[in-house]
Structures are given as structure tokens and as C-alpha cells.
K.L.:
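Can you read through this structure? Questions will come right after.
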Amino acid sequence: MGDSTVRIGLVLPDVMGTYGDGGNALVLRQRLRMRGYDAEIVEITLPEPVPNSLDIYTLGGAEDSAQRLATRHLQRYPGLQEAAAKGAPVLAICAAIQVLGNWYETSSGERVDGVGLIDVTTSPQAKRAIGEVTTSPMLAGLTAALTGFENHRGGTKLGPEATGLARVTRGVGNGVGDGLEGVVQGSVIGTYMHGPALARNPELADLLLTRALGVDTLEPLNLPEVDQLRRERLRA
Ligand code: GLN
């Protein structure tokens with residue numbers, strides 16, 4: 001692995017990775033390799049400290065007890081927070097939004113302090129949000145509808161430092177009545193979309209990659225199978 005290798009951190013896939021969220025790291029690696037970049041996935045599992053030197057980080061969803069283990073680990077080893085402060089892009093899926101926030105309440109109503117990287121709080125809602133979610137992006141650089149599968153009971157409220165990723169056109173999203181899905185703060189992008197999110201939303205994958213590489217644009221990839229997947233999912 002040379003100095004020019006792009007290193008993608010897959011953070012705690014042993015506890016945070018429901019619905020194939022680890023696939024997001026594979027998508028990033030593949031889209032880099034197809035454009036001629038060297039790219040590797042660095043898996044950081046529970047006993048290991050989180051390095052602050054990687055180029056981009058992804059974290060997946062989890063259920064309550066796994067989510068709590070991950071929270072404690074990230075508080076103990078703040079490499080992710082240090083990397084985000086330096087501008088490294090971070091993609092947080094579902095429970096990872098909750099973990100990276102100020103606090104979240106578990107489904108039994110217990111409040112757990114989060115990592116404090118993003119200005120959000122999460123409380124369980126009366127009804128679990130489950131099904132397809134489609135949104136219209138609010139983040140500059142994204143133009144196409146976003147699509148994913150959501151399954152969460154937590155509803156996430158944004159504080160003044162955070163903004164929404166998108167407006168919900170179908171499904172629930174953050175679930176607190178503001179019509180928003182996901183969160184953006186600094187270099188962190190969070191979403192409730194599983195799928196994996198980046199397989200379904202190549203524009204989001206490339207936005208993260210331009211930031212990781214420090215380039216304005218990337219050569220487009222012509223992948224009819226990805227277009228077909230999107231058409232199917234948006235029709236579903
Ligand atoms: N346990 C969290 C919730 O239900 C997150 C679930 C998930 O990551 N799929 O809100």
C-alpha cells in the first residue's frame with residue numbers, strides 16, 4: 001500500500017453494520033479503483049483504537065446494545081472525531097447518526113451520552129419507521145433523488161449546528177415532523193438510508209470521494225446496472 005493509496009475506514013463493522021452497510025465502503029473502493037486510484041478498506045473492530053489518519057470513514061446501523069458498545073468505543077478512542085475535525089468525510093448510517101450525536105434514548109427510554117460530533121438528539125417514536133424512503137437532496141452538489149430503506153424507531157431532532165441532508169418525499173426520514181431526512185454538519189453526512197446507501201446513490205458516493213480526494217470533480221462512471229437498480233428502487 002503506497003502513500004497515494006486512499007484509505008477508507010470501515011468503523012466497527014463487528015457491531016455497526018445492519019443491512020449490509022459495510023457495502024458502502026466497498027462501493028467507495030470500487031468507484032475509486034474504476035478510476036485508477038489505489039484504494040483499501042481499513043476495518044477497525046472493537047478492541048482496536050480508531051486511527052485519525054484515514055481519508056474517509058463509514059459507519060453502519062446497529063440495534064441498542066451494539067450501538068452502546070460502539071458509543072463507548074468511540075468515546076474512548078476519539079480518532080474519528082479528530083479526523084472529522086481535520087475535514088475527513090464521515091458517512092454515518094442510521095444508528096451511527098444517533099451515536100455521533102449529543103445523546104440518544106434507547107427503546108427502553110434510557111438516555112445515553114453520544115460522541116457529540118454532530119448536533120442532534122434522538123428519542124424513540126411511537127411507531128417504528130420501516131420501508132422505502134425517497135428524498136430530495138438539500139446538500140449542494142447533489143441533484144438526484146436519494147433512495148434507501150429505513151428501519152428505525154429513533155426520531156432525530158437537529159440542533160442549530162446541523163442541517164438536513166434532504167427533504168422527504170416518501171417515507172419517514174428523521175421522524176420528528178420537520179420533513180427532513182439525514183444530517184449534515186462539517187464533514188459528517190448522516191442518513192437513515194440503508195441499502196447500502198451508496199450502492200443506491202452513486203452521486204452521494206462521488207460527493208464523498210471528491211471531498212476525500214480534495215478534487216472538484218471525478219470522471220463519470222457509466223454503470224447501467226446502477227442506473228437500473230435506481231430505477232427499480234425509485235419505482236418500488
Ligand atoms: N436502534 C436504532 C433505532 O431503532 C437504530 C436502528 C438501525 O440502525 N437500523 O432507532
Side-chain angles (χ1 to χ4, degrees), residues 9-27 43-46 57-75 80 90-135 146-159 162 164-166 168 170-185 188-201 204 233:
L10 178 55
V11 182
L12 302 177
D14 44 349
V15 279
M16 305 269 287
T18 33
Y19 305 116
D21 292 329
N24 289 321
L26 291 171
V27 171
E43 284 198 16
I44 302 128
T45 54
L46 264 188
Y57 295 78
T58 69
L59 301 90
E63 292 313 327
D64 283 0
S65 55
Q67 193 170 331
R68 191 189 295 254
L69 285 173
T71 308
R72 217 177 292 145
H73 191 79
L74 295 174
Q75 286 163 340
L80 178 75
V90 176
L91 176 68
I93 307 296
C94 198
I97 297 180
Q98 305 176 5
V99 166
L100 297 186
N102 296 322
W103 53 258
Y104 60 90
E105 277 167 4
T106 63
S107 44
S108 54
E110 192 188 342
R111 189 176 286 197
V112 181
D113 278 339
V115 168
L117 183 58
I118 50 178
D119 188 14
V120 305
T121 56
T122 301
S123 304
Q125 304 300 297
K127 205 167 156 251
R128 175 167 283 274
I130 178 160
E132 288 293 315
V133 59
T134 309
T135 68
L146 295 162
T147 153
F149 173 77
E150 61 182 334
N151 184 1
H152 56 106
R153 180 136 183 250
T156 296
K157 213 169 138 192
L158 308 188
L165 171 64
V168 176
R170 172 177 62 160
V172 175
N174 294 350
V176 290
D178 57 11
L180 299 175
E181 200 295 304
V183 50
V184 178
Q185 186 176 332
V188 181
I189 296 180
T191 174
Y192 274 104
M193 296 183 301
H194 298 283
L198 299 186
R200 288 194 185 200
N201 301 288
L204 180 58
R233 292 290 90 202

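Not measured: the values here are computed from a predicted model. All ligand and atom numbering here is 1-based and tracks the order in the structure.
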K.L.:
Looking at every non-hydrogen atom in both residues, tell me the closest pair between Tyr192 and Glu181 and how far apart they are.
P.N.:
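Nearest pair, atom of Tyr192 first, then Glu181: N-OE2, 2.6 Å.
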K.L.:
Can you tell me how far apart CG (Leu204) and OG1 (Thr147) are? Round to the nearest 0.5 Å.
P.N.:
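Nearest 0.5 Å value for the CG-OG1 distance: 11.5 Å.
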K.L.:
In Å, rounded to the nearest 0.5 Å, how long is the span from CG of Asn174 to OG1 of Thr191?
P.N.:
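Going from the CG atom of Asn174 to the OG1 atom of Thr191 covers 8.0 Å.
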K.L.:
Measure the CG-CE distance between Leu74 and Met16 for me, rounded to the nearest 0.5 Å.
P.N.:
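These two atoms lie 7.0 Å from each other.
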K.L.:
With rounding to the nearest 0.5 angstrom, report the CD1 to NE2 distance, Ile130 to His152.
P.N.:
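Spacing of CD1 (Ile130) from NE2 (His152) equals 10.0 Å.
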K.L.:
Any chance you could measure Arg233, atom CZ, to Met193, atom CE, to the nearest 0.5 Å?
P.N.:
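CE of Met193 is found 13.5 Å from CZ of Arg233.
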K.L.:
With a 4.0 angstrom cut-off on heavy atoms, strictly below it, pick out the residues next to ligand 1 and order them by chain and number.
P.N.:
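Those residues closer than 4.0 Å to ligand 1 by some heavy atom are Gly61, Ala62, Glu63, Asp64, Gln67, Cys94, Ala95, Gln98, Arg128, Asn151, His152, Arg153, Gly154, His194.
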